[in-house]
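Quick note on labels: first sequence line is chain A, next is B, and so on, each numbered from 1.
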Amino acid sequence: MLILECPCCGVMAEETELAPGGEAHLKRFGAGSSDEDFETYMFARKNPKGVHFERWRHAYGCGKWFLAARCTATLEVFGTYPAQTTEPPAELVEKIKAKRPDWKGWK
Amino acid sequence: MSRPVSALDGASFAGFAHVTEIGPVGMITLRAKPDLPGLAEAIAAVTGTPLPDRRRIETTGDKAAAWMSPDEYLLVLPYAGVAAALATLAERLSGRHHLAVDVSDARALFRIEGARAAEVLMKLAPADHAALAPGEIRRTRIAQVAGAFWRDETGYNLICFRSVASYVMGLLSHAAQPGSELF
Amino acid sequence: MSTRLAKGGRLIDRTAPQEFTFNGKRMKGFAGDTLAAALLANDQILVGRSFKYHRPRGIVASGAEEPNALVNMGVGGRFEPNQRTTTTELFDGLTCTSQNHWPSLEFDIGVVNNYVARFLPAGFYYKTFIHPRFAWKHIFEPIVRQSAGLGKVPKERDADRYEYAYAFCDLLVVGGGIAGLQAALIAGRAGKRVWLIEQTAHWGGRAVVDGVEIDGQPAEEWIKNALQALVGMGNVTLRERCMAAASYDHGYVLCDERLADHTPGDGRPRHRLWRVRAGQIIAATGAIERPLSFAGNDIPGVMLASAMRDYVVNWAVSPGDRTVIVTNNDDAYRTAITLKEAGLEVPVVLDARANVTGDLPQQARAMGIRVEVGRAIAKVKGGKRVTGVAICAHAGQGAVLEEIACDAVAMSGGWSPVVHLWSHCGGKLNWDESQAHFAPDPARPPLNHDGSALVVTAGAASGRLLTGDVLVDATAAAGGDDAPTASAPFEAAMEPVWIMPQGAPVQLRMKMWLDPQNDVKVSDVQLAAREGYASVEHTKRYTTLGMATDQGKLSNINGLAILADSLSSPIPQVGTTTFRPPYTPVTIGALAGEARGEIFQPLRRTPIHDWHLANRAYMEPVGLWQRPYCYPRTGETHEQAVHREVRNTRANVGLLDASTLGKIIVKGPDAGKLLDMLYTNVMSNLGIGKCRYGLMCSEQGFLSDDGVVARIDEETWLCHTTSGGSDRIHAWMEDWLQCEWWDWQVYTANITEQFAQVAVVGPNARKTLERLGGMDVSKEAFPFMTWKDGELGGFRARAYRISFSGELSYEIAVPASEGRAFWDALLAAGAEFGMMPYGTEGLHVLRAEKGFIMIGDETDGTVIPQDLNLGWAISKKKADFLGKRGQERPHLASPDRWKLVGLEALDGSVIADGAYAPAPGNNANGQRNTQGRVTSTYFSPTLGKGIAMGLVKGGLTRVGEVIEMTRLDGSFMQVRIVDPVFYDKDGEKQNV
């Protein structure tokens, strides 16, 4: 059972306080978008064995959404950060690269 | 106006800790970012406390202001003072983006008292009490529902939603059962 | 015979005798006994029967690994099957019975299976599943069901209480032996927050029984001092009778503390499930001795060598008068020495090794014990208890050299580290050739959230079996470097022995038990290998090896060695089965914790709940809410009550507790913009003081919620959601605000529970409110689809003129703390106008008569608003809203979609819930095609006939058509497609 540090309230929260929200950094495609863009937004999800970026909500705590970078194989957590961003913080990306030299990057 | 009745109308349980539902107590949810001009003054005008920092609750007498999330505060005050407090907030924060609503009746408030009061909460919430600073409010899970608790000189205060007050009373009574002390 | 020795017994208190019964027989033991020790002290060698062959079974072990000696414990509400006697502490008045026999333990008819054993080989069950086809259902299943399962199912409600508790520590040390104590000492002195737990009631593990010295003191003294030091540390918490059942990701460990198993009914919780979150775990969980595979190794009286000396030293119980010892290592000689010192006979030690050089054998020989090297047991003689052994050369095929009379056999096949906690969340193992066991590979530990090693093993759990090594390893595991010194005799290397004798023919292999609880023998595993089972996981399931309640603690390594040999593969290549929690069985009550009875789940109550109960409402769950379904009067069925409530609401006035309706405040300069994205229609242009019905869709375009939105002021809207939908919709709003449009200036607050909301519904609704007084509720001052703040009967009220019934209707919100008083005031005011409360079923009938949809009835996550003829509530003007793009998909615009219609049976009856309309032809699976289904169906008391709503291909274009729909009995009924508004089509009743 995971523990993630909520970057919004600073609590080390165990999984039962959290609600998962799937893949992070999706770009929304709304009315009038192409079939391809909409399909990618709605359905195309990564399922890597390794580094993954996810949405979590501190549902039983401060109620805020945040994002987490995590290894799906070892469950190592590289970091958490607020949801108000379209891409992971640069220093987190550097940290992951140092720990996982084979990682192809977040996109 | 009829007499306001709290969720359990003051039910209590005496176990190895003493559990009482108290209320009605005035509570206001104030949503605003901490850097909103005039926010600290508005809160001070209502509760007499400073603007609470992250995860802190500031208390003076029967009033308190708690940090609930990066843009939410909970103001605690006597039940009868809520309307005036809302008016004060509206006046002081007029024209500035915020939301203040009366949630006094949407919540239930419990007191847990006694030397072993913490042990009651240790059975119900996945929160590390050793990691709690004095004056910290912890929002967490109380068995199967959301709740928040903080400590003062004589015990713990616990808030939850009104509709599950009887469930939470059941939890607290079960956890405070004599003979089930943890340490 | 087994008996109590006159002297010794470090754990028993001879001044505190305890009486207990086994199969109704009164027996005596002492405080400090385990049930197993007490049974042995009473010469109860035979304690149960095996699962498949009903073979006689005796006590094999002295701890958690025991496969055989399981009993039904207790009676009534404290009855529990499959309790291990070896871990059950004796108490006065304990009652237990043996399992898996009929009519009695001594004479068991099921033992007939033993004589047909050759017909019940490995995979027997699987084979019966397959052929002949008829046999499973008619022959095997009834027999298997009859004999399946060990023990009996408890019939009464559990009399005990259970609870959870959460604990947090820097370091959790599991195991209170010398390794665990030493690790805890190091970490405790370093100031860490330490938890040290021990599954038994005693500290020190095996060290005292094995007679080692630490730092020049007897082990017992060192343990006492260590404990004293630990107790004195404020940062160390000690728990005995506390078993680490499982380790999970990020240091989450479930520990089962048995508070009152040995003091039943003393008022304490029976078990407490600790949910520990540890920064790191040290598994000082020791090692378990392995049995040896020789013919007759399951006969009562054959015991692990270590267990036998436990019984002698700890409880002063001798399992036999004459004990033959058979071993492949030096450690078992400790048992020979212990028995001899206790004045018991050891006729011979049979050592499979050709060279025996250690200190302990030397000492045994010096004490006059006969030691035979290169020897093995050809077979054990006896039935319900051991009467002797036949000896052979280990290198041969079992030709008997000599027979020796004895009444007990102590066996030792070496030791296997207990690696469960290491393995539960992914720690990897290495095969240690010299000690013939799997041990943790420190280079491949399970990882914590920060990438560090989550579990470290210490002592025997690491494969360090000698005392000095144990202490060094435990010290290092806790980050220390100054280990105590130990003095213990030199032990020579063991030699793996997987079959005894090496060349045993099949007649002997058929009597060599690997798993004595599930009756899996060496020959079964070999048969599985011959039949093509190469994977250890498949072999486990096929033979049931290691699937019993002990989960193969004794049998797994021996079994996989046999499999590896049969496959001619090295053992590490065959590998182990997966270690799964719990380490030993955890009672269901402990897992449920406090969640039973009244607090099984958080049922939500409205402020008017108590009135409903006092007035005999039949309550139903709506999500977690408890709502009145109807209020039956004396002599009324629920159906009659519902009809009365509906008719009265249409004719007079009804009262509904609508407090569960979700209420979310949305405020800010961009609130209108947000609502225009969330709802399919436009909400930003709603006038202040007005209400508008709105729909919310998922991004795929499917309808997810509906409700009335009220504009409160320039920047504020109040959104009503479905009952039970408020948390979900509030979270949905916050998701978009926090994660997509975070620069929009909008705040939301879920204020559902701040209010009691009551719907006053019916032709006399206005009169009722006028009687309360305080607010102008006339048509002119308070038109339909508007709202008002004010006072009603002295209550602070916000009233909405909205209707979910087609009647003149007001929904009034008052503060929850005044909800009950307001309800009472309404009942009093409405009495003269024929007011009656109505429940959720009445609500459903009223709305169905009007053709109003209900989320969850007419919708199921695949329905778009257009399917429900709600196109009018979808803005054509807005550039975007959530779900708009999804609805642009061609499939969702297809004219072939099933759309909402009304349905009426030609004979006026009620169409069955879930009825389908078949269509001509079959689909690709040979099933009949369908063209529609019922979504809501009721008897309408207003119209005196059945009415229904449904989704039918072609929708309203087919009004007037008659189609067939299914009945529950498989027949069909004739149904006419009609307009879904059955009552007051022009809305005259609500607009008055």
Engineer: Would you name the heavy atoms of B/Gln144 and A/Tyr60 that are closest together and state the gap between them?
Structural biologist: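 Closest approach of B/Gln144 to A/Tyr60, heavy atoms only: O-OH, 3.5 Å.
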Engineer: Picking from A/Cys9, A/Pro82, A/Cys8, A/Gly61, which has the most non-hydrogen pairs under 4.5 angstrom with chain B?
Structural biologist: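 Sorted descending by pairs with chain B, the first entry is A/Cys9.
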Engineer: What verdict does the side chain to side chain contact (heavy atoms under 4.5 Å, CB included) test give for A/Met12 and B/Asp128, after you've listed the backbone C-alpha separation in whole Å, the side-chain angles of each residue and the deciding distance to 0.1 Å?
Structural biologist: CA-CA 9 Å; A/Met12 285 295 279; B/Asp128 183 359; over 6 Å; no
Engineer: How about B/Arg31: does its CZ atom have over 12 heavy atoms from other parts shown lying under 6.0 Å from it?
Structural biologist: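 Enclosed.
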Engineer: If I measure from the heavy atoms of chain A, does B/Arg141 come under 4.5 Å with its side chain, its backbone, both, or neither?
Structural biologist: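 Contact with chain A involves both backbone and side-chain atoms of B/Arg141.
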Engineer: Counting heavy atoms not belonging to A/Asn47, are there more than 12 under 6.0 Å from its CG?
Structural biologist: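 Not more than 12 within 6.0 Å, no.
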Engineer: Minimum heavy-atom separation for A/Glu17 to B/Arg139, with atom names?
Structural biologist: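 Of all heavy-atom pairs spanning A/Glu17 and B/Arg139, the closest is OE1-O, 4.2 Å.
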Engineer: Between A/Lys64 and B/Ser69, which heavy-atom pair has the shortest distance, and what is it?
Structural biologist: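 Scanning both residues completely, I find the closest heavy atoms to be CE-OG, 3.4 Å.
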